[in-house]
Colleague: 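Right, I'll just put the structure down here and ask away after.
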Amino acid sequence: MTFPKMRAIWSTPLRLTAILVLIFILSSAVSFATAYFVIRATFDTTLQDEITQKIAVYQAIENQDDLVGRLADDAAATNPELLILQYLPDSGKAISNVRHFPPISGFAIIPERAIDHSKRDISESYLARSVRVGRGQLIVAQTRNQIIEMGEIMLSVVLIGLLPTLLFASVAGAFVARGARRKIKVIQTTLADFTGGQMAARVPVATGDVDDLSDISKAVNTMATSQEALIASMRQVSADIAHDLKTPIQRVAVILDQISEKTELSEGQEVLLARARDETDRIVKTFQSLLQLAQLEGGAVRDRLDPTDLHRVTTDVCEFLEAEAEDQGYTLHLNVSGDGPFTVKGDRQLLSQVIANLIQNALRHTPVGSCIDVSLSRSGNQITLCVADNGPGVPEDERDKVLQRLYRMEKSRTTDGNGLGLSLVSAICALHDAELILSDNHPGLQVQMNFSK
Amino acid sequence: MKILVIEDDKTTGAYISDGLREEGHSVDLIPNGSDGLIQASVGQYDILIVDRMLPGIDGVSLVKTLRGTKNRTPVLFLTSLGGVDDRIEGLNAGGDDYLVKPFAFGELSARIAALGRRPQMQDEPSTLNAADLEMNLLTRKVTRAGQPIDLLPREFALLEHLLRRKGRVQTRTMLMEAVWDIHYDPMTNVVDTHISRLRGKVDKPFDKELIETVRGSGYRIEA
């Protein structure tokens, strides 16, 4: 069992929407990131050129004193927020517009925190170059603020552009998904109805619809129509066969009746005749069960289900069959536990027939002296009817098979019955939406029917 | 009684009409629905026996049409191997009883007798009698030759049913339907068991047997 809530959330259209949104986010992120890095690289190159040019100016001054003088003037006039100049001559006082710049070699990116700037405002990051000029080491560091600002601007562009798109895509996706889910729901309901025996169930399709779900709906309808026709023709054929066979069987029964009523027979003939009548009786009963099964599976009886007191039905059947069970040497017990009402939506005759069938089954397939326990209980909204015996039971691998029509276990081939009893039980349970469970009674067979309100 | 049989199968039709004639009824046999409807409307019959499946007009439509003309003649439907649905459809259409084919003649005969003598609306008797047996419906006490007999509720109902139809055969299916409200074939002779238990209380301790077995049909209490 999966979580139904999760399943509803992860419907196909919604999942597709989520995947598309995710792909959109990823592709946007990749393209913006690429653009950012390319632009940043260009900026850095430009910055490097500027720094090199500035250094070249100082390198052009040949006199050391001129150089120191020029640097001191420049450092005093330069705002360290834009440009930091630091000259460490081999001898003499250091010139700088910040207190201390860390030593580097070649080009380097230096963050604000690495620089001792004595509370003057400086930039977050600098591109710096250290070169030997004259008789000292010169560092020129240019602010990278533009690059950082550009990154921030690009991020806001991305966010401002992406967020409404995402919001719009999600809402529109959810909306489309809801529409699609509604259509899928209709298809699911129709299929469930169809499986439940409503052969006329169809998916409503508007003539203008051309999407794939409408195509599926149309395909489902086509399948339903051909199934319906197929089943109708099968029903017709079996009804025809039943009708064609019924008449001769009926005649045989009539003739057998006439023989016993109108002619003098020896005792041996009477016995044989009685056996022949029993056999025709059996054929008739098998036919009756087969036709009833067809009728039940056709689902037409569904309209006739009314609130029925299962307690009353069970009591009546047990009372009816108890005399026979007792005479044959069996014990039949009815045990009702829990408070009523035991009302289920059902057909009194069919429910009665289910219980009678199960009791007959137990009488037929368990040795004389066995106990048959019928119990009725209720917990919450579920009413459970149970018929259990302490006979030989049904092996686990045969439990599904005994519900199939005309199936008979090897050891019960010699006993009475036509292998339709449990199929009828199964069909009647299905009609009442009751869950049918065959289990081991340790020893014996337990047949449990769960009716939910 | 004057009986009209509308049945298309020759063998069944002849079987029914011959049997009923032997029992002293006057029988007309019509093999199709449309002629049957005309005959049923013109002739004054006590009972109509109508097959569900007929050429021309089917049985259910025939009876519906007939009931539409205020014809109230009791109708016994013959249904072929039918399920619960057929029975209900037949009874809804205005049929009074139904019989599933194939049937023993005794069953048909018993049902015809029951239909022919549908209880008239009359004063409800407070006691039912047969020979020296007396059943008081108010106190729900049963005595035979002055001795009280203890009956379980369902045994009481069974005896009451037989006493109310004194002299008429009640088949096993009729008893099952009336006393236990079971309208399907329970694949058992359990009615015999119940009768034999009832006999154990009502007949066995006394000289004369009141509940009589009618061979091939069912049970009866002599009038």
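Any value given below was found using the heavy atoms of this structure, including those in side chains, with hydrogens, waters and symmetry copies removed. Just so we're clear, the structure is a prediction, and the values are computed from it rather than from any experiment.
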Colleague: Please say whether more than 12 non-hydrogen atoms of neighbouring residues, nucleotides or ligands are located less than 6.0 Å from CG in A:D278.
Modeller: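 Enclosed.
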Colleague: Shorter than 4.5 Å, heavy atoms on both sides: which option in B:D18, B:V179, B:T11 has the most such pairs with chain A?
Modeller: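 Maximum pair count with chain A is reached by B:T11.
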Colleague: So for A:A253, is it side chain, backbone, both, or neither that comes closer than 4.5 Å to the heavy atoms of chain B?
Modeller: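 Only the side chain of A:A253 comes within 4.5 Å of chain B.
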Colleague: Any chance NZ of B:K2 has more than 12 other-residue heavy atoms, nucleotides or ligands included, within less than 6.0 Å?
Modeller: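 Counting other residues, nucleotides and ligands, NZ of B:K2 exceeds 12 neighbours.
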Colleague: Could you go through the side-chain contact (heavy atoms from CB on, under 4.5 Å) check for B:W180 and A:D316 one step at a time?
Modeller: CA-CA 7 Å; B:W180 287 276; A:D316 284 355; 6.0 Å; no
Colleague: Are B:R197 and A:E324 close enough, and set up right, to give a salt bridge (charged side-chain N to carboxylate O under 4.0 Å, His left out), and what steps lead you there?
Modeller: CA-CA 10 Å; B:R197 292 193 167 193; A:E324 193 189 20; over 6 Å; no
Colleague: I'd like to know if the side chain of A:Q349 and the backbone of B:H183 have a donor-acceptor N/O pair within less than 3.5 Å.
Modeller: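 Yes; judged by distance alone, with no hydrogens or angles, the pair exists.
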Colleague: Strictly distance-based, threshold 3.5 Å: is any side-chain N or O of B:Y184 a donor or acceptor partner for the main-chain N or O of A:S352?
Modeller: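 Yes; at least one donor-acceptor contact below 3.5 Å.
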Colleague: Determine, for B:R154 against A:E322, whether the closest basic-nitrogen to carboxylate-oxygen distance falls under 4.0 angstrom.
Modeller: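 Salt bridge absent between B:R154 and A:E322.
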Colleague: Using a cut-off of 6.0 Å, state whether more than 12 heavy atoms not belonging to B:K201 lie near its atom NZ.
Modeller: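 Buried by this count: over 12 neighbours within 6.0 Å.
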Colleague: Side chain from CB out, backbone as N, CA, C, O: work out which of these in B:N189 comes under 4.5 Å of a heavy atom of chain A, or both, or neither.
Modeller: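 Just the backbone, heavy atoms under 4.5 Å.
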Colleague: Would one find more than 12 heavy atoms of other residues, nucleotides or ligands at under 6.0 Å from atom CZ of A:R312?
Modeller: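 No.
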Colleague: Whether the side chain of B:H194 engages the backbone of A:A323 through a donor-acceptor N/O pair (distance < 3.5 Å, no angle test) should be reported.
Modeller: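 Absent.
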Colleague: Could you give me the CA-CA distance, side-chain angles and deciding distance for A:R348 and B:D181, then say whether side-chain contact (heavy atoms from CB on, under 4.5 Å) is met?
Modeller: CA-CA 9 Å; A:R348 192 191 181 283; B:D181 189 20; 3.4 Å; yes
Colleague: Is B:L152 in contact with chain A via its backbone, its side chain, both, or neither, using a 4.5 Å heavy-atom distance?
Modeller: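 No part of B:L152 comes within 4.5 Å of chain A.
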